[in-house]
Amino acid sequence: MSYSIHEVAEKLNLSTYSIRYYHDHGMLPFVERDANNNRVFHDIDIEWLRLIICFRNTGMPLERIQHYLDLVQQGDETIPERYQMMKVQQERTVQELAALKDHLATINHKVAHYHDVLTQGKPDTYVPTDLPQPQPTDNIA
């Protein structure tokens with residue numbers, strides 16, 4: 001099955017600009033062109049794009065993505081290096097998930113606090129320590 005760049009963009013929730021960028025930078029090596037020089041995408045191209053999106057969304061720099069894709073095309077002798085790259089990315093992603101879980105716990109605490117303030121009439125006692133305290137003003141009449 002083949003797809004236009006607009007169909008791929010819609011399917012992957014990606015801009016056509018991003019897809020063109022990845023293609024123009026050699027990250028989509030199998031994309032063909034039709035008689036009108038339009039890009040024609042196949043399922044394998046969509047799989048490469050999904051991989052690129054995954055790597056980008058987990059913080060992998062474009063240069064590393066390009067290197068990984070080059071290694072894939074070089075064949076099985078690059079599997080040890082690809083494995084190491086994936087182990088590094090895996091660890092980075094695990095660390096990001098742990099940080100996000102910590103952030104979510106803080107947000108959940110604040111949601112519960114404001115729920116109590118709104119539903120039980122409790123005072124809002126939260127004052128961040130880094131905010132300057134209001135200074136009394138002189139009322140000169």
Side-chain angles (χ1 to χ4, degrees), residues 1-140:
M1 183 155 197
S2 63
Y3 309 92
S4 72
I5 193 169
H6 295 287
E7 290 170 324
V8 172
E10 186 174 305
K11 185 179 195 94
L12 298 178
N13 195 29
L14 199 61
S15 72
T16 57
Y17 172 82
S18 293
I19 297 170
R20 286 185 190 98
Y21 178 89
Y22 296 141
H23 181 245
D24 292 345
H25 285 81
M27 296 180 174
L28 299 171
F30 308 114
V31 172
E32 300 170 352
R33 300 272 187 166
D34 66 12
N36 296 321
N37 204 31
N38 294 315
R39 292 171 179 89
V40 178
F41 295 83
H42 298 284
D43 291 330
I44 190 161
D45 304 309
I46 292 172
E47 290 308 311
W48 280 70
L49 274 167
R50 284 190 174 129
L51 193 58
I52 292 167
I53 293 165
C54 171
F55 291 160
R56 287 299 293 148
N57 287 340
T58 57
M60 186 182 281
L62 284 173
E63 298 80 27
R64 296 295 294 159
I65 295 171
Q66 181 65 62
H67 181 65
Y68 176 83
L69 297 175
D70 290 343
L71 290 173
V72 170
Q73 292 180 76
Q74 290 172 26
D76 288 352
E77 66 274 6
T78 66
I79 289 175
E81 185 176 353
R82 287 186 268 157
Y83 174 74
Q84 288 304 314
M85 288 180 75
M86 290 302 100
K87 291 294 289 177
V88 168
Q89 197 63 24
Q90 179 185 47
E91 182 57 33
R92 175 182 284 133
T93 304
V94 166
Q95 290 172 358
E96 288 177 14
L97 279 171
L100 282 173
K101 285 180 182 178
D102 287 345
H103 297 320
L104 180 58
T106 300
I107 291 168
N108 287 343
H109 177 75
K110 296 308 301 169
V111 166
H113 168 76
Y114 290 123
H115 179 266
D116 289 347
V117 169
L118 291 170
T119 62
Q120 297 176 19
K122 290 185 176 182
D124 184 7
T125 57
Y126 179 74
V127 178
T129 58
D130 60 339
L131 289 178
Q133 295 299 314
Q135 297 298 316
T137 57
D138 293 331
N139 289 335
I140 301 174

Leu28 versus Leu49: any side-chain heavy-atom pair under 4.5 Å?
yes
Would you say that Gln74 contacts Leu71 through its side chain, given a criterion of any heavy-atom pair below 4.5 Å between the two side chains?
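Result yes, sub-4.5 Å side-chain heavy-atom pair found.
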Run the side-chain contact (heavy atoms from CB on, under 4.5 Å) check on Leu100 and Leu104 step by step: do they pass?
CA-CA 6 Å; Leu100 282 173; Leu104 180 58; over 6 Å; no
What pairs meet the ring-ring contact (aromatic ring centres under 6.0 Å, His included) rule with one or both residues in [range], with sequence neighbours excluded?
range	answer
residues 85-125	none
residues 66-94	Phe55-Tyr68
residues 5-24	Tyr21-His25

With Glu47 via salt bridge (charged side-chain N to carboxylate O under 4.0 Å, His left out) - residues at least two apart:
Arg50
Only counting residues at least two apart or in another chain, list the ones meeting salt bridge (charged side-chain N to carboxylate O under 4.0 Å, His left out) with Asp43.
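For Asp43 there are no salt bridge (charged side-chain N to carboxylate O under 4.0 Å, His left out) partners, ignoring immediate neighbours.
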Which heavy atom of [X] sits nearest to which heavy atom of [Y], and what is that distance?
X	Y	result
Val40	Asp45	O-OD2, 4.0 Å
His42	Ser2	CE1-CB, 3.7 Å
Val72	Thr78	N-OG1, 4.3 Å
Met27	Leu62	CE-O, 3.5 Å
Val117	Pro123	CG2-O, 3.9 Å
Gly26	Gln66	O-NE2, 3.7 Å

Verdict with supporting geometry, Leu69 and Leu51, side-chain contact (heavy atoms from CB on, under 4.5 Å):
CA-CA 9 Å; Leu69 297 175; Leu51 193 58; 4.3 Å; yes
Considering residues at least two apart in sequence or located in another chain, which fulfil the side chain to side chain contact (heavy atoms under 4.5 Å, CB included) criterion with Gln73?
Pro29, Trp48, Asp70
Side chain to side chain contact (heavy atoms under 4.5 Å, CB included) involving Asn38 - partner list, sequence neighbours excluded
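Counting only residues at least two positions away or on another chain, Asn38 forms a side chain to side chain contact (heavy atoms under 4.5 Å, CB included) with Asp34, Asn36.
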Atom [atom1] in [X], atom [atom2] in [Y]: separation rounded to 0.5 Å?
X	Y	atom1	atom2	answer
Gln90	Gln95	CD	CD	11.0 Å
Ile19	Leu14	CD1	CG	4.5 Å
Ser4	Lys11	OG	NZ	11.0 Å

In chain order, what residues pass the side-chain hydrogen bond (donor to acceptor under 3.5 Å, both in side chains) check against Thr106, with sequence neighbours excluded?
none
side-chain hydrogen bond (donor to acceptor under 3.5 Å, both in side chains) partners of Asp116, counting only residues at least two apart
none
Inter- and intrachain pairs under salt bridge (charged side-chain N to carboxylate O under 4.0 Å, His left out), touching residues 81-101, at least two apart:
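Passing the test, one end in residues 81-101: no pairs.
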Considering only residues two or more places apart or on different chains, which pairs with a residue in residues 13-27 satisfy salt bridge (charged side-chain N to carboxylate O under 4.0 Å, His left out)?
Asp24-Arg39
Mind checking what makes ring-ring contact (aromatic ring centres under 6.0 Å, His included) contact with Tyr3, not counting sequence neighbours?
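Per chain and number, Tyr3 pairs via ring-ring contact (aromatic ring centres under 6.0 Å, His included) with no residue.
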